[in-house]
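One structure is given here, and the rest of the page talks about it.
This is a predicted model, so every value here is computed, not measured. In the text below, chain A, chain B and the rest are named by the order of the sequence lines, each starting its count at 1.
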Amino acid sequence: MQRQKQQKRVGLKPLPNAIEGKVILRFAPNPNGPLTIGHSRGVVINSEFAKMYSGKVVLRYDDTDTRVKPPLPEAYGWIEEEYEWIAGRPADIIIRASERMPIYLEYAKQMLESGFGYVCRCSAGEFKDLRDNSQPCPCRGKNTENNLSDWQSMNDGSIEEGGAVVRVKTDLELPNPALRDWPALRIQHSPHPMVGDLYKVWPLLDFQSAIEDHLQGVTHIVRGKDLMDSTRKQTLLYNHFGWKYPEPLYWGRVKVHEFGGFSTSGMKVDIADGKFEGWDDPRLPTISALKRRGFESKAIRDFWLDLGLTQKDISISMQTIESFNSSVIDSVCERRTFVRNPRNMSLNMDEIEHPDELQIARHPHGEIEGVREWTISDEFVIEDRDYSEKLRLKDFADVLIKENQAIVNSLQRSDKRTIVHWLPINQSRMARLTTPLGTEFRIDEGLIENIDLVEGEILQLERVGFAKIEKVPENGPVELLFLHG
RNA sequence: GCUCGUGUAGUGUAGUUCGGUCCAUCAUGACGGGUUCUCGAUCCGUCGACCCGGGUUCAAAUCCCGGCACGAGCACCA
């Protein structure tokens, strides 16, 4: 077989057993908060596969838990918007598990009637002890009639939470104890934020998700490898129903150096405690925060696609995402001058003939047309850290510095002295640059070039980095949010 | 402990199905240089890896055996 000259694969590997136009994938977040960087991998990979095969993605809310990770009503809308932002197109089908409860309960009943499920009234601890020794629990041998009557009691609320669970019968000799007679539905008496206390019995993920995948005709499931046991449990259930399980694919665990893992519930607590301003706090690894800071969705897509789909546990750096972002935004961001920690200087132009105005390109390579027009005044600022004897004021002149006075000696570049950014006072206004740094913020006060400052726009501050204009108030400093270098 | 999964440069990744064309791809990073009146962009160069030990073979990143490391699951969470 002929081998290609070694080359990096482009795009995702083909999906096994995929038929053009027939592929159905799903993305199933818990709506207990907005999406994080971690979720964006799922959105990107699934939507990309759908694109490759002209298939569909089902956005499904697996919101069947009312106690441990209850849904946040606002999150449903957020997630739909964020999905569309990341993928560049909306999900094809949207489903809420909490609205489809009658279906799951019907399948559960069918399972009891067909004899491959049973109502177990053992405590979790008792069951675990038996299970670990491959022993059946006493409830396992109950007949259909008894199971259905227990099922009735579960649903009418006469059994308390924790008093019973519906299990799927499996081979008790299965090597992996976790798979033996796994629980499919449990009792929850606490009301659901969306549908209230209509139901007393709620399916667990492994059951609900399995039924729903079948109903939606899902052909490929891409999920975290922590859910491998879920695949195995669900395959057992599919065998009972006589269904064919979708093609599963997995990715490994992802950490970001700068953030660690992504815990939606952890963030929720920290926001409630006032540690963060909200879900879009720039220090958070949420999609809303990235969007607010000025990341482009294309950069996020490029990044995940470049990583591909591997089962390796990885720890990535924001630097990599930032470099993808730079290549997306660099050619479309105007340049501006922002002087941090300004040092006041006076300009001495006696010795040389000079223009009164300067025209500086809005972008150095002309991707953006036009110029910034500066009127040169006697007073100007440079960054304090740049202060030195000989400097080149960018786009203007070589100067000799003496006691905060800059004497212009040449408009032409005469040697290799350092080029610094500078700003005539009459051209400036106050600004604050906020940089997220771990769990803190760094604030740089300074002066920004007062030309066409539009809220929401991303600029490249020369010799500083990319930043977003968050606010241009009538009075007071312009608010800038640092994006990356 | 049990079950499952994964090990390629600092970080990611290609190549592993079917052994050779792999002194191992690409990106990111670091360093150096060209260019550009930004510490940005761009171009060029350099650095740096097949987890370990055996085995099979003319030939192993790739196949086999044995270790080791890391991660996940073992919830009436998702």
What nucleic acid atoms does [X] come within less than 4.0 Å of, heavy atoms only: base, sugar-phosphate, or nothing?
X	answer
Lys13(A)	sugar-phosphate
Leu185(A)	nothing
Asp395(A)	base
Arg180(A)	nothing
Thr310(A)	sugar-phosphate
Pro29(A)	nothing
Gln460(A)	base

Inset, instruction - Check if the side chain of Lys69(A) and the base of rC77(B) share a donor-acceptor pair of N or O atoms closer than 3.5 Å. - result: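 In this structure, the two groups form a donor-acceptor pair.
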
Legend entry - Check: His365(A) side chain, rG40(B) base, donor-acceptor under 3.5 Å: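 Indeed there is one.
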
Legend entry - Check: Glu173(A) main-chain N/O paired with Arg180(A) side-chain donor or acceptor under 3.5 Å: no

Legend entry - Test item: Asp63(A) side-chain N/O and Pro31(A) main-chain N/O as donor-acceptor pair under 3.5 Å: no

Quick one: is [N] close enough that its OP1 or OP2 comes under 4.0 Å of any side-chain N or O from [X]?
X	N	answer
Arg186(A)	rA78(B)	yes
Lys312(A)	rU8(B)	yes
Thr64(A)	rA78(B)	yes

Legend entry - Side-chain ion pair, Arg362(A) and Asp452(A), N-O less than 4.0 Å: yes

Legend entry - Lys/Arg-Asp/Glu bridge criterion (N-O < 4.0 Å) met for Glu212(A), Arg60(A):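 Here Glu212(A) does not pair with Arg60(A) in a salt bridge, since their nearest N and O are not under 4.0 Å apart.
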
Legend entry - Listed nucleotide nearest any side-chain atom of Gln311(A), set rU38(B), rC77(B), rG5(B):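 When the side chain of Gln311(A) is considered, rG5(B) is the closest of rU38(B), rC77(B), rG5(B).
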
Inset, instruction - Please determine, for the side chain of Arg232(A), which listed nucleotide (rA78(B), rG5(B), rC37(B)) has the closest atom? - result: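 The closest nucleotide is rG5(B).
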
Legend entry - 5' precedence on RNA chain B between Val165(A) and Gln319(A) (nearest-nucleotide basis):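 Of the two residues, Gln319(A) wins.
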
Legend entry - Of Asp226(A) and Pro203(A), the one whose closest RNA chain B nucleotide lies more 5': Asp226(A)

Legend entry - Nucleotide opposite rG66(B) in a Watson-Crick or G-U pair, distances under 3.5 Å: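 Result: rC52(B).
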
